[in-house]
**Q** 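Can you keep this structure in mind? I'll have questions shortly.
In what follows, every heavy atom counts, from backbone to side chain, and hydrogens, waters and symmetry copies are set aside.
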Amino acid sequence: MNSFGQDIAAGRRFEFGRNWSRFLRVLDDERIQEATKSLQGMLDLDRLDGLSFLDVGSGSGLFSLAARRLGARVLSFDYDPQSVSCTREIRRRYRHDDPLWAVEEASVLDVGFMASLPRFDIVYAWGSLHHTGRMWDALALAAERVETEGVLFIMIYRDRGWASVAWRSIKRFYCSSLVGRALVLSVFVPYLVVRGLVADLCALKNPVRRYTEYKKKRGMSRFHDMIDWLGGYPYEYATPREVIGFMESRGFALQKRRNAEYVFRKSGPGTRRSASGTSKSSA
């Protein structure tokens, strides 16, 4: 049994790939289009022609597909063998035998593997680094793979104090056993549904649209995201100030932030930091 299998058997890790394999059953062109639009919107680019794209923790492979459709050369990798299988299945369905899209099984925490990679114009690690168990190490290693003037696009769970501590305990309990999983699902799925219903009614919104229009959020599925949220362990988090400070200390400038999503640009050798935190030419 490999280290991933040992983690699952010991209740130290959620089977993300198993959840993603179920998501593939509902994947359609509309979801792919929404994922592509969200990538374009955060990167402020209509096309990625001529650019290289590293998908760190590719999960379902949906955003690797989006990047490839936009013209990027793509390398996807994931630690979870089932996630790797999902990514390969999406490539088989939509980009069969595409020589400009490679898929590998590896960990972002594998220093040797990461050092063997070239640098990329875009490094994408949306919601994967905080599930490694060593988030800051993972973030540092991902940042090292960004080309000068390239960008790092990440999502890191926001530190919400006691609520984050409580959710970490819930997620750990979910992964601990079949009983833990059943109890968490039976208690918290209704809780999340009712909480959403109350929020929508208080805001005078149609609660049905929370489900029917959810695919407009990056092409995702509310049901599969709910399971991902409840079981997603290891689970780490940070304040925006901590994330931004960590990246700035490594020569990155924040280009865009939306909630827990960040796009950083790696400064070139001819730039310096201004007092306001933006990059300026030293010439």
Side-chain angles (χ1 to χ4, degrees), residues 1-27 31 57-60 62 78-86 107-109 126-135 138 155-203 205 207-215 217-239 259-260:
M1 185 181 294
N2 61 20
S3 59
F4 177 84
Q6 291 171 345
D7 284 347
I8 297 298
R12 293 191 295 262
R13 186 171 297 278
F14 174 67
E15 293 183 272
F16 291 97
R18 185 177 180 182
N19 194 43
W20 286 126
S21 65
R22 292 190 289 260
F23 170 73
L24 293 194
R25 300 171 191 168
V26 302
L27 181 64
R31 292 185 188 278
S58 57
S60 68
L62 175 57
D78 203 295
Y79 179 58
D80 184 329
Q82 284 185 285
S83 291
V84 175
S85 295
C86 288
S107 169
V108 67
L109 295 174
W126 203 100
S128 58
L129 305 181
H130 52 221
H131 290 310
T132 61
R134 289 164 48 197
M135 182 180 70
M155 192 281 277
I156 300 290
Y157 283 134
R158 189 166 181 172
D159 186 346
R160 299 188 180 278
W162 67 266
S164 295
V165 175
W167 277 114
R168 181 167 59 192
S169 296
I170 293 166
K171 294 166 187 286
R172 184 168 58 240
F173 183 58
Y174 178 105
C175 295
S176 66
S177 64
L178 291 175
V179 173
R181 183 186 311 171
L183 287 174
V184 170
L185 290 175
S186 63
V187 172
F188 287 97
V189 168
Y191 163 75
L192 292 173
V193 170
V194 171
R195 188 179 71 171
L197 174 63
V198 171
D200 288 338
L201 292 177
C202 290
K205 295 180 180 179
V208 176
R209 295 175 62 184
R210 173 179 290 267
Y211 301 92
T212 59
E213 298 185 0
Y214 191 79
K215 65 174 64 178
K217 296 182 178 181
R218 305 177 63 251
M220 294 290 101
S221 156
R222 178 169 287 279
F223 172 76
H224 297 93
D225 276 4
M226 188 181 299
I227 300 302
D228 183 291
W229 167 251
L230 291 175
Y233 188 78
Y235 169 69
E236 295 175 88
Y237 39 82
T239 65
N259 299 321

**Q** Going from CG on Asn259 to CD1 on Ile156, what distance comes out if it is rounded to the nearest 0.5 angstrom?
**A**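 Going from CG on Asn259 over to CD1 on Ile156, the span is 14.0 Å.
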**Q** Working to the nearest 0.5 angstrom, can you tell me the gap between Cys175 SG and Arg181 CZ?
**A**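 Those atoms lie 8.0 Å apart.
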**Q** Considering all heavy atoms of both residues, which atom of Gly232 and which atom of Lys171 are nearest to each other, and what is their separation?
**A**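 Where Gly232 meets Lys171 most closely, the heavy atoms are O-CD, 3.2 Å.
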**Q** If you look at every heavy atom in Ser221 and Val26, which pair is closest and at what distance?
**A**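 Looking at all heavy atoms of both residues, the shortest contact is CB-CG2, 4.4 Å.
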**Q** Distance check, rounded to the nearest 0.5 Å: Ile8 atom CD1 versus Arg18 atom CZ?
**A**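 Atom-to-atom, Ile8:CD1 and Arg18:CZ are 9.5 Å apart.
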**Q** To check you understand the geometry: which heavy-atom pair defines the closest contact between Leu197 and Pro207, and what is its length?
**A**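 Shortest heavy-atom contact: CD1-CB, 3.6 Å.
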**Q** Dump the intermediate steps for side-chain hydrogen bond (donor to acceptor under 3.5 Å, both in side chains) on Tyr79 and Ser128, then the final yes or no.
**A** CA-CA 10 Å; Tyr79 179 58; Ser128 58; over 6 Å; no
**Q** Would you indicate whether the side-chain heavy atoms of Leu192 and Leu230 approach each other to under 4.5 Å?
**A**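 Heavy-atom side-chain distance check passes, below 4.5 Å.
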**Q** Which word best sums up how the rings of Phe23 and Trp20 line up, parallel for under 30°, tilted for 30 to 60°, or perpendicular for over 60°?
**A**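 Phe23 vs Trp20 ring planes: perpendicular.
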**Q** Does the Arg22 side chain pair with the main chain of His224, one donor and one acceptor, at a distance under 3.5 Å?
**A**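 Absent.
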**Q** Write down the atom of Asp228, the atom of Phe14, and the distance for their closest heavy-atom approach.
**A**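 Smallest interatomic distance, heavy atoms only, reads CA-CE2, 4.0 Å.
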**Q** Side chains of Ser164 and Tyr157: does their closest heavy-atom pair fall under 4.5 Å?
**A**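 Counting from C-beta outward, Ser164 and Tyr157 never come under 4.5 Å.
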**Q** Has the side chain of Arg31 got a donor or acceptor atom that lies under 3.5 Å from a matching backbone atom of Met220?
**A**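 Yes, Arg31 side chain to Met220 backbone: donor-acceptor pair under 3.5 Å.
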**Q** Kindly check if the number of other-residue, nucleotide or ligand heavy atoms within 6.0 Å of CZ (Arg209) is above 12?
**A**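 Atom CZ in Arg209 is not crowded, with 12 or fewer foreign heavy atoms closer than 6.0 Å.
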**Q** Show your working on ring-ring contact (aromatic ring centres under 6.0 Å, His included) between Trp229 and Tyr174 and close with a plain yes or no.
**A** CA-CA 11 Å; Trp229 167 251; Tyr174 178 105; over 10 Å; no
**Q** Answer yes or no: is there a side-chain heavy-atom contact under 4.5 Å between Met226 and Val189?
**A**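 Of all side-chain heavy-atom pairs linking Val189 with Met226, at least one is under 4.5 Å.
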**Q** Using modelled atom types and a 3.5 Å cut-off, is there a donor and acceptor pairing between side-chain atoms of Asp78 and backbone atoms of Ser58?
**A**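 Side chain of Asp78 to backbone of Ser58, a donor-acceptor pair under 3.5 Å: yes, one is there.
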**Q** Are more than 12 heavy atoms, taken from residues, nucleotides or ligands other than Tyr214, located less than 6.0 Å from that residue's OH atom?
**A**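 It does: Tyr214 OH has more than 12 such atoms within range.
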**Q** With no hydrogens and no angle check, is any side-chain donor or acceptor of His130 less than 3.5 Å from a backbone partner on Tyr235?
**A**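 Side chain of His130 to backbone of Tyr235, a donor-acceptor pair under 3.5 Å: no, none is there.
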**Q** Taking all non-hydrogen atoms of both residues into account, name the closest pair between Cys86 and Gly59 and its distance.
**A**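 Nearest heavy atoms, Cys86 then Gly59: CB-O, 3.9 Å.
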**Q** Return the minimal non-hydrogen interatomic distance between Tyr233 and Arg172, and the atom names on each side.
**A**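 Scanning both residues completely, I find the closest heavy atoms to be OH-CD, 3.4 Å.
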**Q** For the residue pair Arg218 and Trp126, would you count it as a cation-pi contact if the rule is NZ or CZ under 6.0 angstrom from the ring centre and within 45 degrees of the ring axis?
**A**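 Here Arg218 passes the 6.0 Å and 45° test against Trp126.
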**Q** Looking at Asp200 and Lys205, is there a salt bridge between them, counting it only when a charged N and a carboxylate O are closer than 4.0 Å?
**A**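 Looking at Lys205 and Asp200, the cut-off is not met.
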**Q** Report the distance from atom CG of Leu109 to atom CG of Leu129, rounding to the nearest 0.5 Å.
**A**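 Separation between the atoms: 9.0 Å.
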**Q** Sub-3.5 Å donor-acceptor pair from the side chain of Asp7 to the main-chain atoms of Arg13, do we have one?
**A**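 No: the side chain of Asp7 does not pair with the backbone of Arg13.
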**Q** Is a donor on one side and an acceptor on the other found under 3.5 Å between the side chain of Glu236 and the backbone of Arg134?
**A**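 Side chain of Glu236 to backbone of Arg134, a donor-acceptor pair under 3.5 Å: yes, one is there.
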